[in-house]
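Worksheet: the structure to be examined is printed underneath.
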There are 4 protein chains.
Amino acid sequence: MTDDTAVEKKSIRADALRNEDALLEAAKEIFATSGVDAPVREIAARAGVGVGTLYRRFPKRSDLVVGVYKREVDACVKAAADFTGQYGPGDALTHWLKRYCQFIVTKKGLAAALYSGDPAFDALPAYFRANFEPTLQSLLQSAARAGEIRGDIDAFDLLRAIGNLASVGGTEGAEHTHRMLELMIDGLRFGAAKP
Amino acid sequence: MTDDTAVEKKSIRADALRNEDALLEAAKEIFATSGVDAPVREIAARAGVGVGTLYRRFPKRSDLVVGVYKREVDACVKAAADFTGQYGPGDALTHWLKRYCQFIVTKKGLAAALYSGDPAFDALPAYFRANFEPTLQSLLQSAARAGEIRGDIDAFDLLRAIGNLASVGGTEGAEHTHRMLELMIDGLRFGAAKP
Amino acid sequence: MTDDTAVEKKSIRADALRNEDALLEAAKEIFATSGVDAPVREIAARAGVGVGTLYRRFPKRSDLVVGVYKREVDACVKAAADFTGQYGPGDALTHWLKRYCQFIVTKKGLAAALYSGDPAFDALPAYFRANFEPTLQSLLQSAARAGEIRGDIDAFDLLRAIGNLASVGGTEGAEHTHRMLELMIDGLRFGAAKP
Amino acid sequence: MTDDTAVEKKSIRADALRNEDALLEAAKEIFATSGVDAPVREIAARAGVGVGTLYRRFPKRSDLVVGVYKREVDACVKAAADFTGQYGPGDALTHWLKRYCQFIVTKKGLAAALYSGDPAFDALPAYFRANFEPTLQSLLQSAARAGEIRGDIDAFDLLRAIGNLASVGGTEGAEHTHRMLELMIDGLRFGAAKP
DNA sequence: AATGAATGAGTATTCATTCAT
DNA sequence: GATGAATGAATACTCATTCAT
């Protein structure tokens with residue numbers, strides 16, 4: 001679909017992008033495994049690049065954290081479109097809320113850095129809201145129009161509520177979160193147009 | 001009553017205890033300020049002792065974390081007796097639940113270490129339950145007997161619920177936690193024997 | 001013999017020369033600003049070329065140092081002809097000696113490298129003498145013949161003497177050097193044929 | 001000569017001082033051999049201590065440079081007293097001026113750092129003058145009173161003049177410096193009270 | 001030929017831990 | 001027992017050099 005010329009001209013850039021993505025993926029995994037203070041070298045190694053490359057693209061550790069965070073937001077937002085294509089409005093909403101819970105777990109891993117007061121992270125809350133609010137708003141509207149849930153739910157309120165729920169840590173936290181999410185979804189269904 | 005030798009020995013022990021306590025207090029503060037990975041030297045310095053002394057009493061960092069955790073549990077449990085002496089059963093309960101929320105915040109600071117998988121922390125959940133459950137049970141019973149709250153509340157359930165609530169972080173988290181706690185206490189009052 | 005291809009080849013060579021010159025100029029400036037150990041990248045950047053190009057022409061740092069040194073010698077020698085064309089023999093000499101002092105300052109910047117024992121620099125003293133001695137010799141002779149200075153001055157001696165004088169560093173060094181140079185030039189005039 | 005108690009109390013400090021001195025001596029040598037930018041590790045290794053120890057006493061490289069500089073000034077000043085004790089006024093002066101030339105060579109090695117604009121070095125010129133001027137003044141006066149040299153020499157002028165002379169680098173610089181120093185000392189003798 | 005992305009060796013620096021005093 | 005000086009392993013970061021495009 002892409003013509004040869006374009007490919008040729010952007011070949012270096014394509015490599016660079018591949019590296020950048022590999023680094024973010026590696027960072028996400030390492031951050032999850034060993035925390036946000038994990039050795040830079042480990043991340044570079046897992047991404048299969050030299051430390052120099054890592055430093056070229058992410059000069060500060062916070063650049064890496066921000067990168068991982070935004071990438072996760074983007075991935076989660078993108079999932080909404082996938083679900084919308086695959087399922088009916090109600091199920092799409094349900095699936096996406098579960099997916100969003102997964103994102104929250106990632107956020108928890110980065111929390112230490114996020115709340116460190118480093119101004120590098122100042123823009124992230126806005127990024128969160130700017131991306132998630134419209135996404136959930138849209139899912140809610142579709143489901144409400146389809147009569148599957150009630151229509152008086154504020155998207156941001158719901159994002160925060162579930163965010164708080166899913167923030168509860170610990171081994172058994174996951175199950176707990178799941179139960180609470182189910183409950184909450186039932187709550188959304190309660191009072192739907194279509195009984 | 002005690003002979004000189006004993007006094008001497010005890011006085012040394014008293015010094016040691018003072019050091020130990022100073023170290024735990026210092027560690028609590030430093031952990032809160034700079035996280036659980038803060039330089040050992042800072043803790044020793046704030047406690048006014050040398051690092052060698054710190055290492056003598058707390059050879060591993062986890063010993064320090066465990067020490068701080070248990071100390072906070074103990075302090076919180078002890079507060080229950082104080083409140084019981086000062087207030088009526090209902091108010092004692094209310095005050096203590098707020099005090100317990102403060103403890104949860106401490107726990108949050110140590111969470112990174114606690115959930116690190118280090119077996120050194122394996123015993124802490126049991127310590128938590130063994131100390132807090134009877135404490136709250138007793139407060140609940142007194143308040144229920146006094147007809148100030150309903151009597152069908154399970155202490156451990158309540159500990160977990162409030163624990164989760166208070167775990168929500170962020171600047172506005174504190175207010176949120178407070179509102180939710182008030183609500184929950186109202187819930188306890190609902191259906192009390194004494195209307 | 002010069003077909004299109006040749007022309008093309010020459011045009012490329014001209015580009016190459018332009019690059020080479022740009023690199024030497026950049027290196028001179030960077031060496032002066034940040035010392036001989038300045039990052040290679042800075043030099044390439046200031047020259048407006050990639051580091052690869054720099055390495056193609058100057059594989060070792062010493063090549064760059066030698067290049068800058070010789071380029072400065074050449075420029076200084078060339079200035080003699082300009083002065084000879086513009087001024088009378090005495091003034092030409094005076095102007096050139098001042099110009100030579102400027103060169104010494106450059107040399108001072110490179111001194112760290114020059115006296116590092118690297119055999120790459122072994123040929124430079126000879127280059128210095130082979131170029132400067134005849135130049136000054138010629139200027140001296142002209143001035144002596146014109147009766148403006150005495151005729152018993154050895155060019156190399158004078159080069160060394162002024163070199164030493166101008167080597168004195170520091171902020172006030174420049175003024176000091178200038179005063180001493182004036183003095184020395186007066187010395188040259190003393191005992192001239194034409195009183 | 002020092003009583004036991006004092007020794008005992010200061011035993012740690014004595015070790016520390018030994019280390020400090022070893023580090024300064026090592027730094028002096030390494031600076032001379034490999035320049036002021038030599039690896040910190042080399043200096044620590046030559047001093048026979050760990051890098052941590054070096055960093056404890058000299059957190060910044062400039063601290064080390066300042067330390068070496070002052071130590072050399074002190075040693076040179078101290079030599080004056082030795083010479084005064086050993087020789088007559090004239091010879092003491094001569095010996096000290098040669099010793100001072102050695103110091104200048106050290107200074108030359110540190111020059112790159114000294115003139116780097118780092119404010120850490122701002123105090124050094126004053127230290128230089130405050131220590132050397134009285135020292136030489138005293139030597140000059142003694143020699144003048146003894147009638148061995150003339151009495152109208154300004155100490156600071158002489159310090160600068162010899163400093164400049166001895167600053168001339170290169171392999172043959174040393175001989176040149178020596179010849180010039182001899183000449184200058186002869187100059188001092190010229191016009192002495194005692195002919 | 002030119003470019004600059006990638007690499008990783010070299011260095012600085014910090015901090016947990018030991019141990020002589 | 002207490003102390004804090006010394007140690008050096010762990011880690012961050014820079015920059016010379018190579019090489020695919």
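The model shown is predicted, which means the values in this text are computed figures rather than measured ones. Values below: all heavy atoms of this structure, side chains included; hydrogens, waters and symmetry mates excluded. So you know, we letter chains A, B, ... as the sequences are listed, proteins then strands, and number each from 1.
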Whole-Å distance, L64(C) CG to dT17(F) P, equals 12 Å

Using heavy-atom distances to pick each residue's nearest nucleotide on DNA chain E, tell me which of D37(D) and R56(A) is more 5'.
R56(A)

Is any side-chain heavy atom of V51(C) closer than 4.5 Å to a side-chain heavy atom of I43(C)?
no

Between N19(C) and dA2(E), does any side-chain N or O lie under 4.0 Å from OP1 or OP2?
yes

Within this structure, what is the CG-to-P distance between L54(C) and dC19(F), rounded to whole angstrom?
17 Å

Name the residue closer to the 5' end of DNA chain E, choosing between A38(B) and K60(D) according to the nucleotide with the nearest heavy atom.
K60(D)

Please evaluate residues Y55(B) and D63(B) with respect to the criterion side-chain hydrogen bond (donor to acceptor under 3.5 Å, both in side chains), reporting the C-alpha separation (whole Å), side-chain torsions for both, the decisive distance (0.1 Å), and the verdict.
CA-CA 10 Å; Y55(B) 272 96; D63(B) 298 328; over 6 Å; no

Rounded to whole Å, CZ of R18(A) lies from P of dA20(F) at a distance of 16 Å

Between the side chains of D21(C) and R71(C), is the shortest nitrogen-to-carboxylate-oxygen separation below 4.0 Å, so that they form an ion pair?
yes

Just how far, in rounded Å, is C1' of dT13(E) from CZ of R57(D)?
18 Å

Validation row: L24(C), K70(C) side chains within 4.5 angstrom (heavy atoms):
no

5'-most contact on DNA chain F (nearest-nucleotide basis), Y55(A) vs R41(C), goes to Y55(A)

If you define the side chain from C-beta out and look only at heavy atoms, does anything of V68(C) sit under 4.5 Å from E25(C)?
no

Here the gap from T53(B) atom OG1 to E20(B) atom CD, rounded to the nearest 0.5 Å, amounts to 12.0 Å

For the aromatic rings, using the six-membered ring if either is Trp, is the centroid distance between Y69(B) and F103(B) under 6.0 Å?
yes

Quick one: F58(C) CZ to dA16(F) C1', roughly how many Å, whole number?
17 Å

Nucleic acid contacts of residues 42-53 of chain D, taken as heavy-atom distances under 4.0 Å to DNA chain F:
G48(D), V49(D), G50(D), V51(D), G52(D), T53(D)

Within-4.5 Å side-chain heavy-atom neighbours: E72(B) and K107(B)
no

Stems of at least 3 consecutive Watson-Crick or G-U wobble pairs (donor-acceptor distances under 3.5 Å) involving DNA chain F, listed by first number, are E:2-21 with F:2-21

I'd like to know if the side chain of R46(B) reaches the main chain of R41(B), judged simply by a donor and an acceptor atom lying under 3.5 Å from each other, with no hydrogens or angles considered.
no

